[in-house]
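Taking it in order: structure first as structure tokens, then the write-up.
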Protein chains: 2
Amino acid sequence: MQAAEAVETIQREMTVFARRARASAGRLHPELSLVSYTLLGHLEESGGCRATDLAALHALDKSTVSRQVAALERAALIERRVDPEDHRVQLLHLTDAGRRILAQVTESRRAAFRERLAEWPPGDLERFAEYLVRYNAWGAPPAG
Amino acid sequence: MQAAEAVETIQREMTVFARRARASAGRLHPELSLVSYTLLGHLEESGGCRATDLAALHALDKSTVSRQVAALERAALIERRVDPEDHRVQLLHLTDAGRRILAQVTESRRAAFRERLAEWPPGDLERFAEYLVRYNAWGAPPAG
DNA sequence: GTTCTTGGTTGCATAGTACAACTCCAGGAG
DNA sequence: CTCCTGGAGTTGTACTATGCAACCAAGAAC
């Protein structure tokens with residue numbers, strides 16, 4: 001395979017993947033859309049942050065994040081705490097229920113990936129992971 | 001990197017990619033959404049097919065395809081020809097304009113991918129392409 | 001204090017999607 | 001032939017996700 005052809009293939013396969021991901025988003029875990037999942041995931045990692053941070057990180061409009069956050073709060077998966085240092089700011093935190101649901105969905109997704117990748121030789125898995133990281137890192141804010 | 005860790009990484013990076021693709025879909029090419037693009041692409045490859053085939057192929061409801069097709073026809077990118085053998089059937093074909101737009105968008109996407117992958121060693125490109133094909137082939141209908 | 005900036009919410013519009021009910025037509029049963 | 005069945009598409013309805021613009025509230029700058 002030539003390098004130019006490889007680029008074509010990568011483009012085509014990434015498109016296929018994006019289309020499938022879009023189509024199946026929300027069907028796997030009706031409780032937690034892909035966006036909600038990543039929002040919760042970031043709250044878990046960061047230990048709480050502002051809605052504006054989430055919007056910037058995910059390239060979403062703040063209104064969209066506001067509504068997602070409202071939905072997650074209604075579902076009691078997160079809670080808002082007004083920042084004592086700046087009363088405009090709401091610091092978002094996972095609730096115990098949120099942590100639990102996030103862990104469930106993560107585990108379910110993990111199982112699906114494990115099954116899908118079960119036949120892969122370890123060396124291929126490692127290289128594939130490395131390539132994806134490199135691919136996604138392109139144009140990303142450093143350490144963002 | 002251990003294999004288990006590699007699976008985690010693949011999962012996380014695929015999620016990142018899916019989220020970004022979703023966010024940026026339609027912003028790059030306002031004229032042609034990701035779904036429309038793949039529909040046109042399939043018409044190009046297949047040389048014309050039925051709306052039902054497109055729906056099955058992309059796991060979309062036939063009503064969704066019907067509206068997408070209507071929009072593409074309004075934009076004069078495709079045309080419908082009633083099948084002379086079965087008057088229920090509409091065979092969809094690209095118009096010259098459709099072929100032109102599809103080629104433009106493809107070229108634009110190709111340029112973006114080329115730029116993004118410009119620094120990659122050829123061997124890595126080929127392996128990455130191969131891995132993506134293998135990944136997407138999982139659970140796909142044979143030769144579908 | 002007045003003005004500017006920032007975090008967040010809400011009103012409005014749009015795209016994409018699914019489900020269900022419908023029409024149209026082809027093909028077989030009688 | 002007529003009637004039924006089934007497949008291809010369309011349309012009505014609803015819902016979700018999203019963005020933009022306008023707004024409100026609270027600090028910050030002057």
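What's counted below: heavy atoms across the whole structure, side chains too, no hydrogens, waters or symmetry copies. Every chain is numbered from 1, with letters handed out A, B, ... down the list of sequences.
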If you count the non-hydrogen atoms of other residues, nucleotides and ligands that lie under 6.0 Å from CD in Glu107(A), is the total more than 12? yes
What's the CG-C1' distance between Leu60(B) and dG9(D), to the nearest Å? 15 Å
Does Val65(A) or Asp61(B) map to a spot on DNA chain D nearer the 5' end, using the closest nucleotide for each? Asp61(B)
Within-4.5 Å side-chain heavy-atom neighbours: Ile78(B) and Leu39(B): no
When you measure from the side chain of Ser63(A), which nucleotide among dT10(D), dA8(D), dA21(D) comes out closest? dA21(D)
What's the CG-P distance between Leu32(B) and dG16(C), to the nearest Å? 10 Å
In whole angstroms, the gap separating P of dC24(C) from CD of Glu85(B) amounts to 23 Å
Rounded distance in Å - CG (Leu91(B)) to C1' (dA8(D)): 11 Å
Give a yes or no on whether a donor-acceptor pair under 3.5 Å exists between the nucleobase atoms of dG9(D), that is its base, and the side chain of Arg80(B). no
With Leu54(A) as reference, evaluate Thr38(A), Thr64(A), Leu60(A), Leu92(A) under the side-chain contact (heavy atoms from CB on, under 4.5 Å) test and give the passing residue. Leu92(A)
Do Met14(B) and Leu132(A) have side chains that get closer than 4.5 Å, going by heavy atoms? yes
Which part of the nucleic acid does Thr52(B) contact within heavy-atom distance under 4.0 Å: base, sugar-phosphate only, or nothing? sugar-phosphate
So what does Arg50(A) touch, heavy atoms closer than 4.0 Å: a base, only the sugar-phosphate, or nothing? sugar-phosphate
Is Gln68(A) close enough to dT18(D) that one of its side-chain N or O atoms is under 4.0 Å from OP1 or OP2 there? yes
dG19(D) phosphate, OP1 or OP2: any side-chain N/O from Thr64(A) under 4.0 angstrom? yes
Whole angstrom value for the distance that separates C1' of dC15(D) from CZ of Arg67(A): 14 Å
Hydrophobic cluster membership, Tyr37(B) vs Val69(B), 4.5 Å side-chain cutoff: yes
Counting heavy atoms from C-beta on, name the nucleotide in dG19(D), dT9(C), dG9(D) closest to the side chain of Gln90(A). dT9(C)
Have a look at Asp86(B) and say if it touches a base, only the backbone sugar-phosphate, or nothing, with a 4.0 Å heavy-atom cut-off. sugar-phosphate
Nucleotide dA15(C), atom C1' - distance to CG of Leu72(B) in whole Å: 14 Å
Can you classify the ring geometry of Phe128(B) versus Trp120(B) as parallel (below 30°), tilted (30 to 60°) or perpendicular (above 60°)? parallel
Which part of the nucleic acid, if any, lies within contact of Val35(B), taking any heavy atom under 4.0 Å across all strands shown: a base, the sugar-phosphate backbone alone, or nothing? sugar-phosphate
Starting from P on dT9(C), measure out to CZ on Arg74(A) and report it in whole angstrom. 11 Å
Below 4.0 Å: OP1/OP2 of dC24(C) and any side-chain N or O of His87(B): no
Counting side-chain heavy atoms from C-beta on, which of dC20(D), dT11(D), dG9(D) comes nearest to Lys62(B)? dG9(D)
CG of Asp53(A) versus P of dG8(C): gap in Å, rounded? 8 Å
Nearest of dA26(D), dG7(D), dA17(D) to any side-chain atom of Ser33(A)? dA17(D)
